[in-house]
Participant: 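Handing you this structure, nothing more for now.
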Amino acid sequence: MSGAFSCLLRQDVPVQTDWPILILTLQGDEARRQPLLDQLAAMGLSWRLIYGVDGRQGLPNDCLPLIDREAARGRMKRPMTDAEFACALSHRRICEIILDEGLAGALVLEDDAILTPDFADFLQAGFHRTETLALLYHYSGRALPWQRRKAGRWLMHRPTRRASGCTAYTLSRHAARDILRATTPVACVSDWPVDLYETKAWLVTPQIVRHPPPGEGPSHLDKDRAAAERQTVREKKNPARFLKARYYRGLIRRRLARPVDG
C-alpha cells in the first residue's frame, strides 16, 4: 500500500497503517526535536521527519508564487511575517504529501510537541483515524455541550469557533484536500485556514499532546509576530452582516458554546 509503514505500540502489537506520524521540523533543529523523538521511541512508535520551509531569513524564492501578502493583510488586518508564511507553507506541504502519496491521512506533530502518557493508547484504539480533522492539542476552543461524541475515555467536541494551535492534529485525505484548496495561495496563518465548524473538525479532550507555555522553549514565530500584531488595523464591521441568517446562526452557536480546553 502506498505510504504504508509499520509501528510497534507499547503492548508489542504490530500495526500496519497508511496513517503515518509526520513530524514537522526544520533543518538544523536536531536539539529542538530530540525530546519528541525520544518520547516516540519510548512508546515504540515510528515516525517520519518532514522538513518545512525556513522563513527566519526570508522566504525562498520558489515559495513566493504560493503566497498572497495583500490577501493575508486583508484577512489578518495586519501583515503576516515571513516566519508565519513559512509555517503555513510547511503545513500545506503536509497536505500535499497526503494527497500525492495516496495516504488515507496522517497524524502531524510539530517538533516541540510534548506527548502525554495516553498518546500511544489513543493511537492503538484507532481514534486518530478521523473522517475530517481532529486537534490533539488546542487552546481557545469552544463547543456546544451537546455536539460531542465519546471515543473511549476521550471526548471529541465539534468547535463552534476557531481554536488555536496546530502543534498536534490528525487529518484525513478529505480534510487535507480542503485545507490545500484553502491555502492556494497561502493568505492565513496555519491555525486555521478553514472554518473548523463547517469542516466538522473535532477537539480532543483530555488533550493527548501538550506544548511549552508561551515564552518558554524555542519559538520560530513569537518575536516577529509580536511586532506584526502591533500593526493590526481595527476596521469597522460591515452592518450588512445583520441581514444574513448565517450571522445569527453563528451568533447563537458562540453564545451557547462552552470552553473545552484541558
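A quick note: this is a predicted structure, and the numbers were derived from the prediction, not measured.
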Participant: SG/C63 to CZ/F85 distance, rounded to the nearest 0.5 angstrom?
Facilitator: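 That separation rounds to 11.0 Å.
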Participant: Applying the 4.5 Å side-chain criterion to the ILVMFWY set and letting contacts propagate, would L109 and Y139 be lumped into a single cluster?
Facilitator: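 Per the 4.5 Å side-chain linkage, L109 and Y139 are co-clustered.
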Participant: Checking L49 against L37 for the side chain to side chain contact (heavy atoms under 4.5 Å, CB included) test, could you report, in this order, the C-alpha distance in whole Å, the side-chain angles of both residues, the deciding distance, and whether it holds?
Facilitator: CA-CA 10 Å; L49 296 181; L37 302 188; 4.2 Å; yes
Participant: L36 and A113: which non-hydrogen atoms are nearest, and at how many Å?
Facilitator: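 Smallest heavy-atom distance, with atoms named: CD1-O, 3.8 Å.
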Participant: Using the test side-chain hydrogen bond (donor to acceptor under 3.5 Å, both in side chains), find all partners of T170 that sit at least two apart in sequence or belong to another chain.
Facilitator: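 With sequence neighbours excluded, T170 shows a side-chain hydrogen bond (donor to acceptor under 3.5 Å, both in side chains) to W19, given in chain and number order.
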Participant: Does a side-chain N-to-carboxylate-O contact under 4.0 Å join E84 and R56?
Facilitator: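 The answer is no: the pair does not qualify as a salt bridge.
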Participant: Would you please name every residue forming a side-chain hydrogen bond (donor to acceptor under 3.5 Å, both in side chains) with R93, sequence neighbours left out?
Facilitator: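 Partners of R93 by the side-chain hydrogen bond (donor to acceptor under 3.5 Å, both in side chains) criterion, ordered by chain and then number, come out as E96.
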Participant: How long is the straight-line distance from CZ of R162 back to OG of S140, given to the nearest 0.5 Å?
Facilitator: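 The OG atom of S140 sits 8.0 Å away from the CZ atom of R162.
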Participant: Going by the rule side chain to side chain contact (heavy atoms under 4.5 Å, CB included), which residues pair with L66 if we only count those two or more places apart in sequence or in a different chain?
Facilitator: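 Expected list: L89, R92.
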Participant: Can you tell me how far apart SG (C166) and CD1 (I94) are? Round to the nearest 0.5 Å.
Facilitator: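 Nearest 0.5 Å value for the SG-CD1 distance: 10.5 Å.
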Participant: Evaluate V204 against L135 for side chain to side chain contact (heavy atoms under 4.5 Å, CB included), listing each step before the verdict.
Facilitator: CA-CA 6 Å; V204 176; L135 277 58; over 6 Å; no
Participant: Supply the atom-to-atom distance R161 CZ to L196 CG, rounded to the nearest 0.5 angstrom.
Facilitator: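 Separation between the atoms: 10.5 Å.
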Participant: L107 and side chain to side chain contact (heavy atoms under 4.5 Å, CB included): which partner among L22, L45, L123, V209?
Facilitator: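 Result: among L22, L45, L123, V209, L123 is the only option passing the side chain to side chain contact (heavy atoms under 4.5 Å, CB included) with L107.
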Participant: Which pair of non-hydrogen atoms, one from G58 and one from D82, has the smallest distance, and what is that distance?
Facilitator: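 Looking at all heavy atoms of both residues, the closest pair is CA-OD2, 3.4 Å.
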Participant: Would F119 and L40 satisfy side chain to side chain contact (heavy atoms under 4.5 Å, CB included), going step by step from the backbone distance to the final call?
Facilitator: CA-CA 9 Å; F119 182 82; L40 289 167; 4.0 Å; yes
Participant: Check whether any side-chain heavy atom of T183 lies under 4.5 Å from a side-chain heavy atom of C188, and answer yes or no.
Facilitator: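 No - every pair of side-chain heavy atoms lies 4.5 Å or more apart.
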Participant: Once rounded to the nearest 0.5 Å, what's the spacing between atom CH2 of W202 and atom CG of L136?
Facilitator: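 That separation rounds to 14.0 Å.
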Participant: Restricting to non-hydrogen atoms, name the atom on A86 and the atom on V53 that form the minimum distance, rounded to 0.1 Å.
Facilitator: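 Smallest interatomic distance, heavy atoms only, reads CB-O, 3.3 Å.
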Participant: Under the rule for side-chain hydrogen bond (donor to acceptor under 3.5 Å, both in side chains), what residues qualify as partners of D195, not counting sequence neighbours?
Facilitator: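 D195: no side-chain hydrogen bond (donor to acceptor under 3.5 Å, both in side chains) contacts found.
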Participant: Can you confirm whether more than 12 heavy atoms, excluding those of Q57, are under 6.0 Å from its CD atom?
Facilitator: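 No - once you tally the heavy atoms of other residues, nucleotides and ligands closer than 6.0 Å, there are 12 at most.
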Participant: What pair of heavy atoms forms the shortest contact from T132 to A201, and how long is it?
Facilitator: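 That closest heavy-atom pairing would be OG1-CA, 4.0 Å.
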Participant: So, using salt bridge (charged side-chain N to carboxylate O under 4.0 Å, His left out) as the criterion, who are the partners of R75 when residues are at least two apart?
Facilitator: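 Expected list: none.
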Participant: Kindly indicate whether the side chain of V108, heavy atoms from C-beta on, has any atom under 4.5 Å from the side chain of L171.
Facilitator: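 Counting from C-beta outward, V108 and L171 do come under 4.5 Å.
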Participant: Can you tell me how far CG of L26 sits from OG of S90, rounded to the nearest 0.5 angstrom?
Facilitator: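 Here the interatomic distance stands at 6.5 Å.
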Participant: Would you mind reporting whether S46 and I21 have side-chain heavy atoms less than 4.5 Å apart?
Facilitator: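 Side-chain contact under 4.5 Å: no.
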Participant: Is the shortest side-chain heavy-atom distance between R48 and I97 below 4.5 Å?
Facilitator: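 Result yes, sub-4.5 Å side-chain heavy-atom pair found.
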Participant: Using the test salt bridge (charged side-chain N to carboxylate O under 4.0 Å, His left out), find all partners of D68 that sit at least two apart in sequence or belong to another chain.
Facilitator: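 In terms of salt bridge (charged side-chain N to carboxylate O under 4.0 Å, His left out), with neighbours along the sequence ignored, D68 is linked to no residue.
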Participant: Please determine whether side chain to side chain contact (heavy atoms under 4.5 Å, CB included) holds for the pair R73 and R78, giving the CA-CA distance in whole Å, both sets of side-chain angles, and the decisive distance to 0.1 Å.
Facilitator: CA-CA 5 Å; R73 181 185 290 270; R78 65 165 176 83; over 6 Å; no
Participant: Determine all donor-acceptor pairs shorter than 3.5 Å in which one atom belongs to a side chain in residues 144-151; sequence neighbours excluded.
Facilitator:
from : atom 1 : to   : atom 2 : distance (Å)
Q147 : NE2    : Y197 : OH     : 3.3
K150 : NZ     : G152 : O      : 3.1

Participant: List in chain and number order the residues that pass ring-ring contact (aromatic ring centres under 6.0 Å, His included) with F122, two or more places apart in sequence or in another chain; answer none if no residue qualifies.
Facilitator: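 ring-ring contact (aromatic ring centres under 6.0 Å, His included) list for F122, sorted by chain: F127, W154.
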Participant: Between Q207 and T116, is any pair of side-chain heavy atoms under 4.5 Å apart?
Facilitator: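 They are not in contact (no side-chain heavy atoms under 4.5 Å apart), so the answer is no.
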Participant: What residues, two or more places apart in sequence or in another chain, satisfy salt bridge (charged side-chain N to carboxylate O under 4.0 Å, His left out) together with R33?
Facilitator: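 Applying salt bridge (charged side-chain N to carboxylate O under 4.0 Å, His left out) to R33 gives E30.
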Participant: For P159 and A143, which heavy atoms make the closest approach, and how far apart are they?
Facilitator: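 Where P159 meets A143 most closely, the heavy atoms are CA-CB, 4.3 Å.
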Participant: Look at R153 together with D118 and state whether they make a salt bridge at an N to O cut-off of under 4.0 Å.
Facilitator: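 Counted as a salt bridge, because a side-chain N and a carboxylate O are separated by less than 4.0 Å.
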Participant: Transitively linked via ILVMFWY side-chain contacts under 4.5 Å: W47 with I114?
Facilitator: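 W47 and I114: separate clusters.
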Participant: Flag the pair S164 / D191 as yes when at least one side-chain heavy-atom distance between them is below 4.5 Å, and no otherwise.
Facilitator: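 In short, these two side chains touch, coming nearer than 4.5 Å.
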Participant: Tell me every residue that passes ring-ring contact (aromatic ring centres under 6.0 Å, His included) with H157, counting only those two or more places apart in sequence or in another chain.
Facilitator: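 If we apply the ring-ring contact (aromatic ring centres under 6.0 Å, His included) test to H157, skipping adjacent residues, there are no hits.
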Participant: Taking all non-hydrogen atoms of both residues, which atom of A72 and which atom of M80 are closest, and how far apart?
Facilitator: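 For A72 and M80, the tightest heavy-atom pair comes out as CB-SD, 3.7 Å.
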Participant: Got H138 and T205 here, is their nearest side-chain heavy-atom distance under 4.5 Å?
Facilitator: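 The answer is yes, as the side chains (C-beta and beyond) meet within the 4.5 Å cut-off.
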Participant: List the residues meeting salt bridge (charged side-chain N to carboxylate O under 4.0 Å, His left out) with R181, not counting sequence neighbours, and say none if there are none.
Facilitator: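 Partners of R181 under the salt bridge (charged side-chain N to carboxylate O under 4.0 Å, His left out) test: D178.
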Participant: Given E110, which partner from the list R32, H91, H211 fulfils the side chain to side chain donor-acceptor pair (under 3.5 Å) test?
Facilitator: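 For E110, the side chain to side chain donor-acceptor pair (under 3.5 Å) test succeeds with only one of R32, H91, H211, which is H91.
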Participant: Can you list, by chain and residue number, the hydrophobic cluster partners of L180 when the side-chain cut-off is 4.5 Å?
Facilitator: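 Members other than L180 - counting any ILVMFWY side chain reachable under 4.5 Å - are L99.
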Participant: Give the cluster check for L59 versus V189: same hydrophobic cluster or not, with ILVMFWY residues linked at side-chain heavy-atom distances below 4.5 Å.
Facilitator: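 Yes; tracing contacts between hydrophobic side chains, which count when under 4.5 Å, links both residues.
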Participant: Passes salt bridge (charged side-chain N to carboxylate O under 4.0 Å, His left out), R210 versus D112? Steps please.
Facilitator: CA-CA 9 Å; R210 300 295 181 183; D112 57 351; over 6 Å; no
Participant: Are side-chain heavy atoms of S172 and L133 found at a separation under 4.5 Å?
Facilitator: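 Not in contact.
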